[in-house]
Amino acid sequence: QVQLVESGGGSVQDGGSLRLSCAASGYTDNSHCMGWFRQASGKEREGVAAICLGFGVTYYANTVRGRFTISQENGKNTVNLQMNSLKPEDTAMYYCAADRVPDRLINGRSGYWPTYWGQGIQVSVSS
């Protein structure tokens, strides 16, 4: 059973930084891609970033490229999302996700979501 546990998050002002972490259990190799989605109030869930060490793939949504960095700790199923230059529009519930299929992390959408999810963690950016 794959489980994802998120940590980090919180509240910052416009231009600030936050770091999210997600620890996965239930598998011990690079068989799963991991990534982050977010859902703002009243909006659809959207992909933010993903990393697939087994495929050598890293993905960023256009809205966060250049500000967010996703990384995976060596030898661990822990993924970090460093978020810099945060904007009020980054305010959302952030969810860690994992799947064996990279496309579900990169092009996840209704009916085609990743298999495994964390419980979600709030990120709030004030102007």
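Values reported hereafter were calculated over all heavy atoms of this structure, with side chains retained and with hydrogens, waters and symmetry mates removed. All figures in this text were calculated on a predicted structure; none of them were measured in a lab.
- Taking 4.5 Å as the limit, some side-chain heavy atom of Q72 sits within range of a side-chain heavy atom of N77.
- Contact between D14 and K87 at its shortest, heavy atoms only, is OD1-CA, 3.9 Å.
- V79 has its side chain within reach of I51: a pair of non-hydrogen atoms, C-beta onward, lies under 4.5 Å apart.
- Atom CD of Q13 is surrounded by 12 or fewer heavy atoms from other residues, nucleotides or ligands within 6.0 Å.
- E73 is linked by a side-chain hydrogen bond (donor to acceptor under 3.5 Å, both in side chains) to N80, counting only residues two or more places apart in sequence or in another chain.
- Between H32 and V2 there is a side-chain heavy-atom pair separated by less than 4.5 Å.
- Taken together through direct or relayed side-chain contacts under 4.5 Å among Ile, Leu, Val, Met, Phe, Trp and Tyr, Y95 and V48 form parts of separate hydrophobic clusters.
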Can you give each donor-acceptor pair under 3.5 Å made by side-chain atoms of residues 54-66, sequence neighbours left out, with the distance rounded to 0.1 Å?
| unit_1 | atom_1 | unit_2 | atom_2 | d |
| --- | --- | --- | --- | --- |
| Y60 | OH | I70 | N | 2.8 |
| N62 | OD1 | R65 | NH1 | 2.5 |
| R65 | NH2 | Y60 | O | 2.6 |

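- Pairing each heavy atom of I121 with each of G9, the nearest pair is CD1-N, 4.2 Å.
- Of all the heavy atoms in L81 and A49, the pair that sits closest is CD1-CB, 4.0 Å.
- A search for ring pair (Phe, Tyr, Trp, His ring centres under 6.0 Å) contacts involving Y94 returns nothing, not counting sequence neighbours.
- For the pair R45 and W117, the distance from NZ or CZ to the six-membered ring centre is under 6.0 Å and the angle to the ring normal is within 45 degrees.
- Considering CG of N84 and OG1 of T69, their distance stands at 6.5 Å, rounded to 0.5 Å.
- Annotation: side chain of S17 is not in contact with side chain of M83 (no heavy-atom distance under 4.5 Å).
- Once rounded to the nearest 0.5 Å, the distance linking CD1 of I106 with SG of C52 reads 5.5 Å.
- Of the inter-residue distances, the one linking S25 atom OG with L4 atom CG reads 7.5 Å to the nearest 0.5 angstrom.
- How far CG of L105 is from CE of M34: 9.0 Å, rounded to the nearest 0.5 Å.
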Next on the checklist: Between T91 and Q122, is the side-chain contact (heavy atoms from CB on, under 4.5 Å) condition met? List the steps.
Outcome noted: CA-CA 8 Å; T91 295; Q122 181 67 38; 4.0 Å; yes
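- A side-chain hydrogen bond (donor to acceptor under 3.5 Å, both in side chains) check over residues 1-11, counting only residues at least two apart or in different chains, returns the pairs E6-Q119.
- Applying the side-chain hydrogen bond (donor to acceptor under 3.5 Å, both in side chains) rule to S85 yields no partners; only residues at least two apart in sequence or on another chain are considered.
- Residues S127 and P88 share a closest heavy-atom pair of CB-CG, 3.9 Å.
- If you chain together ILVMFWY residues whose side-chain heavy atoms come under 4.5 Å of each other, V101 ends up grouped with Y112.
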Next on the checklist: Show, in sequence, the C-alpha distance, side-chain angles and deciding distance for F68 and W36, and conclude whether the ring pair (Phe, Tyr, Trp, His ring centres under 6.0 Å) test is met.
Outcome noted: CA-CA 11 Å; F68 291 11; W36 294 90; over 10 Å; no
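- The shortest side-chain heavy-atom distance between F37 and P114 falls under the 4.5 Å cut-off.
- R38 places a side-chain heavy atom less than 4.5 Å from the side chain of E46.
- Using a distance-only test at 3.5 Å, with no hydrogens or angles considered, no donor-acceptor pair links the side chain of R104 to the main chain of D99.
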